[in-house]
2 protein chains.
Amino acid sequence: MTEVEGTDTRTRLLEAAADLIAAAPGEDFSLRAVCDAAGVKMPTLYHFFGNKQGLIEAVVERGFDMYLSAKSSTESSGDPIQDLRLGWDAHVAFGLENPGFYTLMYGKVRPGYSPEAQSKPSEILRGLTLKAEQDGRLVVGYEQAAAHVLATNIGVTLRLIIQGKNDPELSAGVREGVLAAITGTGQSEPGDGRLGHSVIERAAANPGILGETETQLLIQWIGRLGEV
Amino acid sequence: MTEVEGTDTRTRLLEAAADLIAAAPGEDFSLRAVCDAAGVKMPTLYHFFGNKQGLIEAVVERGFDMYLSAKSSTESSGDPIQDLRLGWDAHVAFGLENPGFYTLMYGKVRPGYSPEAQSKPSEILRGLTLKAEQDGRLVVGYEQAAAHVLATNIGVTLRLIIQGKNDPELSAGVREGVLAAITGTGQSEPGDGRLGHSVIERAAANPGILGETETQLLIQWIGRLGEV
DNA sequence: TCAACCTCCGTATCGTTGTTACATCGGACT
DNA sequence: AGTCCGATGTAACAACGATACGGAGGTTGA
């Protein structure tokens, strides 16, 4: 810009690239456009990022940071399954709000290609399923459960991005189906250590029936029943 | 070329493009390479396909034909749910065997972009879920069920392509979870009168755990959950 | 102090890409 | 025979990613 530019060049390039990507999702943006927006020539960009892929990865990493900071603020209900639910919704919401970033992060499908930054959210997800497993809530291994959740969560989000409009019913439907599948809801025998899980799942899946506080209380009470 | 060329030029271009795409998934192939492989100059390609996108769409359409012919040969069990299962597996198998085609068909994620040829398989899918609905097998609308199946099926397939190796456990797990979700099997049905009985009995048997009023409230809430 | 050095950045250029204007050839129809 | 149209080639364009090269400015070390 003609104004003073307090931010350093690298950051300016990164933000310019992020803007262009957000404006036109996909990776079909021009490095020259990025340089123009940042008020710099191309070798400068190459100096900082090596090549286009380097710039994209830096942008993606930045996107994941945004995603994680947006996610970490809304994820700690105590109940791991409920955390999975919140994480699912946060994932979908981020994808719909930032389709440009999201398609770069999860929409690029090449065999063997998995951005470095993807590992962090996956780690968090596995942490949640591990906790759920330790609580005896899963009927499949925690890694299997995490893969199950991840694949479907991405699938739904990409689908929603493609069709442009959000579809809470689809997202919630798939989400509950997935959670039911990994928790074995409906197949649990009384007294097998998973007391009341179907009730909890059902209540949490439909917060409108009981209301948020009642649902939370219900989960808490059933937990106390199970402890004894 | 020097050899005889029985196939017509358009087909040769199509096959050359398909080969290049299959060799290096994605759409980052050169039109000149296609022309060289087909023994033709570029204006010929433009004469038949207009532009690169046109060529890609033609290749995609060809891919869908392959997919459908591979699918239709293994899909008629009479039972719509079982057909969905077979269709799911055929979908995954095709994606893993033809990642190049598949990523072009379903891996391209741009808001509002949906290849023409995609509508055919989606139509078939909706036909199956409609039949299932008419048979009274679904607990959600057939369109919702179809969207549910499609999003997860694509999600799993893309995931398997990315991680290179097949994972029948993941595919089957998600598949059964999805089918359970749309058919209602494995989940406690609304109004089946059994939701939370073990919880209620335990609470009623031990009024000291929650206290009288809480227990009463719990029973009431679970009743409301079951009514819906 | 001064020369070596490193970071940052511009000039100019290269090879490749998608795309198009224009010309050519050959068969089909009138 | 003449005209038209589909199919193909020649040549060129602009935009792209990438790179070789050089220079300005500050920092460092003897």
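Naming convention: chains lettered A, B, ... in sequence-line order (proteins, then strands); numbering from 1 in each chain.
Residues that satisfy the side-chain hydrogen bond (donor to acceptor under 3.5 Å, both in side chains) test with A:S122, not counting sequence neighbours, are absent from this structure. In this structure A:Y46 satisfies the ring-ring contact (aromatic ring centres under 6.0 Å, His included) test with no other residue, sequence neighbours excluded. Listed by chain and residue number, nothing satisfies the salt bridge (Lys or Arg N to Asp or Glu O under 4.0 Å) test with B:E143 (two or more places apart in sequence, or in another chain). Applying the side chain to side chain contact (heavy atoms under 4.5 Å, CB included) criterion to A:T11, with sequence neighbours excluded, gives A:D8, A:E15. Residues satisfying the side-chain hydrogen bond (donor to acceptor under 3.5 Å, both in side chains) test with B:D19, not counting sequence neighbours, are none. B:R62 pairs by the side-chain hydrogen bond (donor to acceptor under 3.5 Å, both in side chains) definition with nothing, not counting sequence neighbours. Under the rule for a salt bridge (Lys or Arg N to Asp or Glu O under 4.0 Å), A:D36 has no partner lying at least two apart in sequence or in another chain. Looking at residues two or more places apart in sequence or on another chain, you find a side-chain hydrogen bond (donor to acceptor under 3.5 Å, both in side chains) between A:E123 and A:R126.
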- Note on the structure: Reading nucleotides 3-9 of chain D from 5' to 3' and marking B where a protein heavy atom lies under 4.0 Å of the base, S where only the sugar-phosphate is that close, and - otherwise, the string is ---SBBB

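The side-chain hydrogen bond (donor to acceptor under 3.5 Å, both in side chains) contacts involving residues 161-172 of chain A comprise A:W88-A:S171, where partners must be two or more places apart or lie in separate chains.
Contact annotation: A:S30 does not reach the phosphate of D:dA15 (side-chain N/O to OP1 or OP2, under 4.0 Å).
Rounded to a whole Å, the OH atom of A:Y46 is 5 Å from the C1' atom of D:dA18. D:dA15 atom C1' lies 15 Å from atom CZ of A:F29, rounded to whole Å.
For the pair B:D83 and B:K131, the salt-bridge criterion is not met [side-chain N within less than 4.0 Å of a carboxylate O].
Heavy-atom contacts of chain A under 4.0 Å fall on DNA chain C between two terminal nucleotides, which in 5' to 3' order are C:dC8 to C:dT11.
The terminal axes of the helix from C:dT1-D:dA30 to C:dT30-D:dA1, fitted over 5 pairs per end, subtend an angle of 10° to the nearest 10°.
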